[in-house]
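See structure below.
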There are 2 protein chains.
Amino acid sequence: MQTEEEILKIKKVKNTAVRMVVLRHLLSLEKAQSLKDIENALPYTDRSSIFRTLKTFEENKVIHSIEDGSGMTKYAVCAEGCNCDPKDLHYHFYCTNCDKTFCLFDVPIPNIQLPKNFKLQQANMVVKGLCDNCNR
Amino acid sequence: MQTEEEILKIKKVKNTAVRMVVLRHLLSLEKAQSLKDIENALPYTDRSSIFRTLKTFEENKVIHSIEDGSGMTKYAVCAEGCNCDPKDLHYHFYCTNCDKTFCLFDVPIPNIQLPKNFKLQQANMVVKGLCDNCNR
DNA sequence: GCATTTACCGCAACTCGATTGCAAAGATTA
DNA sequence: TAATCTTTGCAATCGAGTTGCGGTAAATGC
Ligand SMILES: [Mn+2]
Ligand SMILES: [Mn+2]
Ligand SMILES: [Zn+2]
Ligand SMILES: [Zn+2]
């Protein structure tokens, strides 16, 4: 497991107080976080600073964003070695009961046979249902 | 191919002027439409009426919605016999160049092996890239 | 070290897609 | 017909996301 400093260094993002605290927060939880989630968790940090931090992180592939259909974009730390290429694609699971969104790094994504002449660049694959905790 | 009247009858949605014109518009195009798209195409119909019509259609499985990451929810008419169950799932393709979103009814969705105790209910699978028209 | 330039931060304002309250118009039922 | 329920149009509101700007901090050049 890499430290916040190591991650930022590898991804060539300057280390600042806001960036450290945002990245630490994202690393501390197993589920993807929305801007609002982070804002609530970091009451002394300004929303727009968090927003710009997330943009910077995403541009530099520190994190990736997920559109889970909940109305708020969620963010999760990229796996070590991730370049946000199609090969780094993974499913996301959105629990319709507890509203958590998970990265399913371990579920393989099969090859998608697109129609003739369509070119794959990226994907946003969100599977919805009940998580193990809510499915009882 | 079913007519608008037939579709609404089968799905038990009362036939009104606004509903007819919205459904006709959705049927007339091969790509999924946003509320704004429909509003622009139907300048004499009020936005909130279109909005409520789309909600009614979605609840009654006349149409399904797609979150393609463009910031606007898109809507497309369900295929004949669709119940919006997991078995009716299909990929959507979002062209990053021309901003069109297509239902890929013909591309099979493989079985997704979720982690233990996770239950699949729905999915929003958006593949992004260049459509055949833009990929030259 | 000190001046200059660049990057980052906090605050407030704003954008825009989505949603809602409400009253009028239309359809249905008794 | 009268009462009731549904649909529609208009205007207002909500809220996530985004931006302008001035101040502070860090980096760069001398
Ligand atoms: Mn992920
Ligand atoms: Mn579709
Ligand atoms: Zn859950
Ligand atoms: Zn295209």
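The chains referred to below are lettered A, B, ... by the order of the sequence lines, with proteins before strands, and numbering in each begins at 1. These figures come from a predicted structure and were not determined experimentally.
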Separation between CD1 of I63(B) and CD of Q33(B), rounded to the nearest 0.5 Å: 11.0 Å
- request: Nearest 0.5 Å please: distance from the CE atom of M72(A) over to the CD atom of E67(A).
  value: 12.0 Å
Let me know the distance between [atom1] of [X] and [atom2] of [N], rounded to the nearest Å.
X: R47(B); N: dC14(D); atom1: CZ; atom2: C1'; value: 13 Å
X: R52(A); N: dA12(C); atom1: CZ; atom2: P; value: 14 Å
X: I50(A); N: dC8(C); atom1: CD1; atom2: C1'; value: 14 Å
X: L54(A); N: dG17(D); atom1: CG; atom2: C1'; value: 12 Å
X: M72(B); N: dG17(D); atom1: CE; atom2: C1'; value: 14 Å
X: N40(B); N: dG17(C); atom1: CG; atom2: P; value: 10 Å
X: F51(B); N: dT19(C); atom1: CZ; atom2: P; value: 4 Å
X: Y44(B); N: dG9(D); atom1: OH; atom2: P; value: 14 Å

- request: Would you indicate which nucleotide in dC22(C), dC8(C), dT28(C) comes nearest to any side-chain atom of K14(B)?
  value: dT28(C)
field: Side chain of S48(A) (C-beta onward), nearest among dT18(D), dC9(C), dC11(C)
entry: dC11(C)
Whether [X] contacts [N] is assessed here as follows: a side-chain N or O lying under 4.0 Å from the phosphate OP1 or OP2. Is that the case?
X: S49(B); N: dG9(D); value: yes
X: K55(A); N: dG17(D); value: no
X: T73(B); N: dA18(C); value: yes
X: T16(A); N: dC9(C); value: yes

- prompt: Base, sugar-phosphate, or nothing for R19(A), non-hydrogen atoms under 4.0 angstrom?
  reply: sugar-phosphate
- request: Specify whether H92(A) and H64(A) have parallel, tilted or perpendicular ring planes, treating 30° as the upper limit for parallel and 60° as the lower limit for perpendicular.
  value: tilted
query: Quick one: do K100(B) and E30(B) make a salt bridge, cutoff under 4.0 Å?
result: yes
query: Of all residues at least two apart in sequence or in a different chain, which pass the side chain to side chain donor-acceptor pair (under 3.5 Å) check with S34(B)?
result: D37(B)
